[in-house]
Structure formats: structure tokens, C-alpha cells
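If you read the sequence from its start, that first residue is 1, and numbering goes on from there. All of these numbers come straight from a predicted model, not from anything done at the bench.
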Amino acid sequence: MHILRKLGFYLVALWAAVTLNFFIPRALPGSPVDAVLAKLALRGPVSPGTREAIEVMLGASDDRSIVVQYVEYLRGLVVGDLGVSVTYFPTPVTTVIGEALPWTLVLVGLSTTITFLLGMTLGTMAGWRRGTWLDSLIPATTILQAVPYFWLALLFVYVLSVNLGMFPVSGGYDVSLVRPAFDYPFLSNAVYYGTLPALTIVLSSLGGWLLGMRNMMVSTLSEDYILTAEAKGLSPRRVMLMYAARNAMLPSVSGFAISLGFVVSGSIVVETVFSYPGIGFAMLQAVNNNDYSLMQGLFLVITVSVLAANLVVDLLYGVIDPRTRARG
């Protein structure tokens with residue numbers, strides 16, 4: 001019954017998010033039809049019939065009420081039809097998302113996971129051995145976290161790419177050298193191009209995980225069960241890992257699960273600075289071109305990912321912290 005209540009809550013939240021996903025892009029100024037016509041006008045004159053055909057194709061016809069458009073939008077979601085992208089016209093939205101999603105999942109997903117594991121490890125050690133050199137890392141990482149994403153990314157581009165030539169300035173891979181394929185030349189080239197954006201994400205977010213875990217370790221070490229474990233003669237390593245770190249990391253685990261949900265949205269600023277072909281860059285292009293269909297498709301994927309991450313946390317938190325099962 002408890003699980004059914006949670007599922008019901010998330011279904012209602014999903015419906016609300018889908019509804020907002022439909023109405024918010026339509027409240028923005030501009031018209032996707034005008035954006036398509038502007039592109040077609042570069043190739044020659046555009047007839048009135050062409051405008052009417054584009055309006056029907058994009059679902060922006062004036063003779064249909066907003067309710068009819070909403071119903072058709074829901075029907076399209078059920079069958080997996082997210083419409084046609086204006087930005088990448090006439091490519092379907094599902095194709096655009098399918099091409100951009102793997103780039104973001106690899107870049108932001110791996111960077112977030114590495115940052116979390118590194119922050120948990122260093123935070124555990126810093127909290128366990130207070131006053132050592134590990135504590136000196138906290139001010140430096142906190143300063144890096146306070147620095148705006150775009151400024152840090154631009155600094156890395158200027159120093160490491162422009163001046164030193166260690167990394168490429170932009171892009172996901174060298175289009176003149178390799179083609180997308182699951183082979184060593186392409187993968188190694190993609191890793192080379194993704195190193196600098198990943199470094200930006202790791203350094204700009206490490207401080208929060210490290211400081212949070214360190215403070216929770218310090219608070220946990222003052223609990224009575226830690227003193228009891230030490231009085232039993234347990235090894236310091238076991239006390240640190242099985243008693244202190246296991247309980248101190250509970251808030252961070254919840255935050256990490258939510259962060260994984262937001263991985264799908266990518267890091268818009270970082271992907272924009274490096275022109276990285278991920279979800280964040282596609283979202284910026286969609287907003288600039290009033291691309292309702294692409295915006296709705298991207299927001300839908302992000303919403304489902306975040307809700308799924310929260311649901312997994314709710315269902316599995318009892319495994320991590322047995323005390324929550326009694327209240328559930």
C-alpha cells in the first residue's frame with residue numbers, strides 16, 4: 001500500500017509536469033513557424049500555402065483551440081511522436097534527442113559519478129582525520145564551487161586550449177578525422193574532446209560533496225554508537241567505514257540520486273561554452289529558435305529522469321537506512 005501511494009503521487013506529479021511542459025513554451029514570445037519560414041526564405045520565395053502546411057505540421061494552426069492541441073499533444077506522447085524540430089528541421093524530435101542524449105549521459109553522468117565518489121572519499125578522510133592536510137583542500141574546492149561555471153569554463157579554454165593547445169576549443173569530436181562509431185579511434189577522440197568539459201564539471205562541484213561529507217562525518221563521530229563501537233575494540237577502519245561513513249553519507253546519497261536525475265538535462269553552460277553536442281546545447285538552440293516541440297521533448301525527458309530518480313530514492317532509502325522502514 002505504501003508503494004502504491006508513492007506511485008500514485010509520482011503519476012500525478014508526472015501529469016502536472018507534462019501539462020506545464022505543454023503550456024510554458026507557448027507562453028514564450030515568437031513563433032516556431034516564423035523561424036522555419038526564415039530558414040526557407042534563404043533558399044527562395046515562400047508561398048502562403050507553404051506557411052499553412054508548416055503550421056499544420058508543427059501543430060501551430062490558428063484554427064485549432066488550445067484544448068485540441070493539448071489532447072493531440074498527449075496522444076503524441078502515448079505513441080512516442082514528439083513532433084518535428086524547428087531547429088534541425090525537418091528532423092524529428094526523437095532523433096535529435098536520441099543523438100544528443102548519449103553525449104550528455106557519458107559526459108555529465110561520468111563527471112557527476114566521479115565527483116561524488118571523490119567527494120565522499122576525501123570528505124570521509126577529512127572528517128575522520130580533522131586538522132590534517134586534507135582539511136586544507138576544503139577552502140580551495142569551495143572557492144572553485146563559488147566560481148561561475150561559464151567563467152571557469154572560459155578560463156580553461158583560454159589557458160589550456162588557446163594558449164597551451166592541450167585540448168580542443170570546442171566540439172564533441174574531430175569531424176574531419178573520425179566518424180561516430182563504437183571503435184577505438186572515435187572513442188579515444190571523444191574522450192580527448194570531453195576531458196576539458198568534464199574537468200570543469202568535476203572541479204566546480206567537488207567542493208559541495210567534500211564539505212558536506214566532512215561536516216556529516218564530524219557530526220556522526222560524536223554519536224554514542226561510535227563510542228560504543230570503539231569501546232568494543234573494533235578496528236579504526238571498520239568504525240570509520242561501517243559505522244561513521246555509512247550513516248554520514250545518507251543525505252549525500254539522496255542528493256546524488258537527484259543529481260543523477262538531472263544528468264539528463266546536462267550542464268547547459270558548460271556544453272554551450274564548449275559547443276558540446278549534448279542535451280544542454282540542444283536545449284539552448286531550441287529556446288533561441290522558439291522550437292516548441294524540441295523544448296517539450298527535452299523537458300519531458302528531464303522530468304521523467306528526475307521523477308524516476310526520486311522514486312528510486314524513496315523505494316530504496318529503507319535499504320540504506322533501516323530506521324525509515326519503521327516509519328514507512
Side-chain angles (χ1 to χ4, degrees), residues 1-7 9-10 105 108-146 198-199 201-264 267 305-328:
M1 192 64 181
H2 174 66
I3 296 179
L4 292 178
R5 285 200 303 268
K6 286 187 176 296
L7 291 176
F9 169 78
Y10 281 102
L105 289 178
V108 186
L110 286 179
S111 300
T112 302
T113 303
I114 292 173
T115 305
F116 173 76
L117 295 177
L118 190 60
M120 292 298 98
T121 302
L122 295 177
T124 298
M125 299 300 297
W128 182 256
R129 299 178 179 177
R130 298 184 297 277
T132 61
W133 64 272
L134 288 171
D135 273 347
S136 63
L137 292 176
I138 296 177
T141 56
T142 303
I143 291 175
L144 287 175
Q145 187 177 21
L199 182 63
I201 296 173
V202 170
L203 292 181
S204 61
S205 56
L206 177 62
W209 296 115
L210 197 161
L211 181 61
M213 185 60 182
R214 190 263 184 193
N215 291 341
M216 287 302 301
M217 278 290 293
V218 173
S219 176
T220 302
L221 290 175
S222 63
E223 298 290 340
D224 293 338
Y225 59 83
I226 300 295
L227 181 61
T228 302
E230 293 175 340
K232 288 181 178 180
L234 299 179
S235 65
R237 180 184 178 87
R238 184 175 181 183
V239 173
M240 179 183 69
L241 296 178
M242 300 304 297
Y243 287 81
R246 182 180 178 183
N247 290 280
M249 70 185 300
L250 291 175
S252 297
V253 169
S254 300
F256 176 64
I258 296 174
S259 297
L260 286 181
F262 279 105
V263 160
V264 177
S267 181
S305 301
V306 174
L307 289 177
N310 279 272
L311 178 59
V312 170
V313 171
D314 277 349
L315 296 179
L316 297 183
Y317 205 84
V319 178
I320 303 173
D321 186 3
R323 294 172 295 181
T324 61
R325 288 185 292 215
R327 295 193 297 269

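Counting non-hydrogen atoms of other residues, nucleotides and ligands closer than 6.0 Å to OH of Tyr225 gives a total above 12.
In terms of heavy atoms, Thr220 sits closest to Ala244 at CG2-O, 3.7 Å. Nearest heavy-atom pair, Leu221 versus Gly127, reported as atom, atom and distance to 0.1 Å: CD1-O, 3.4 Å. For Ala245 against Thr124, the heavy-atom pair with the smallest separation is CB-CG2, 4.0 Å.
Distance check, rounded to the nearest 0.5 Å: CD1 of Ile114 to CG of Leu110 gives 5.5 Å. Here OG of Ser235 is found 8.5 Å from CG of Leu241. Values are rounded to the nearest 0.5 Å. To the nearest 0.5 Å, atom CG of residue Leu206 and atom CD1 of residue Ile201 are 13.0 Å apart. The distance from atom OH of Tyr243 to atom OG1 of Thr228, rounded to the nearest 0.5 Å, is 9.0 Å. For the atom pair Phe116 CZ and Leu210 CG, the distance stands at 12.5 Å (nearest 0.5 Å). In this structure, the separation between CG on Leu117 and OG1 on Thr112 is 10.5 Å, given to the nearest 0.5 Å.
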Determine, stepwise, if the pair Thr141 / Leu211 fulfils side-chain contact (heavy atoms from CB on, under 4.5 Å).
-> CA-CA 9 Å; Thr141 56; Leu211 181 61; over 6 Å; no
Derivation and outcome, side-chain contact (heavy atoms from CB on, under 4.5 Å), residues Ser252 and Met120 | CA-CA 8 Å; Ser252 297; Met120 292 298 98; 3.5 Å; yes
Go through the steps for Met125 and Met217 under the test side-chain contact (heavy atoms from CB on, under 4.5 Å), then give the verdict.
-> CA-CA 9 Å; Met125 299 300 297; Met217 278 290 293; over 6 Å; no
Would Met249 and Met213 satisfy side-chain contact (heavy atoms from CB on, under 4.5 Å), going step by step from the backbone distance to the final call?
-> CA-CA 6 Å; Met249 70 185 300; Met213 185 60 182; 3.8 Å; yes
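Of the possible polar contacts, none joining the Ser219 side chain to the Asn215 backbone as a donor-acceptor pair under 3.5 Å is found.
Residues Trp128 and Val239 are in side-chain contact: their nearest non-hydrogen atoms beyond the backbone lie under 4.5 Å apart.
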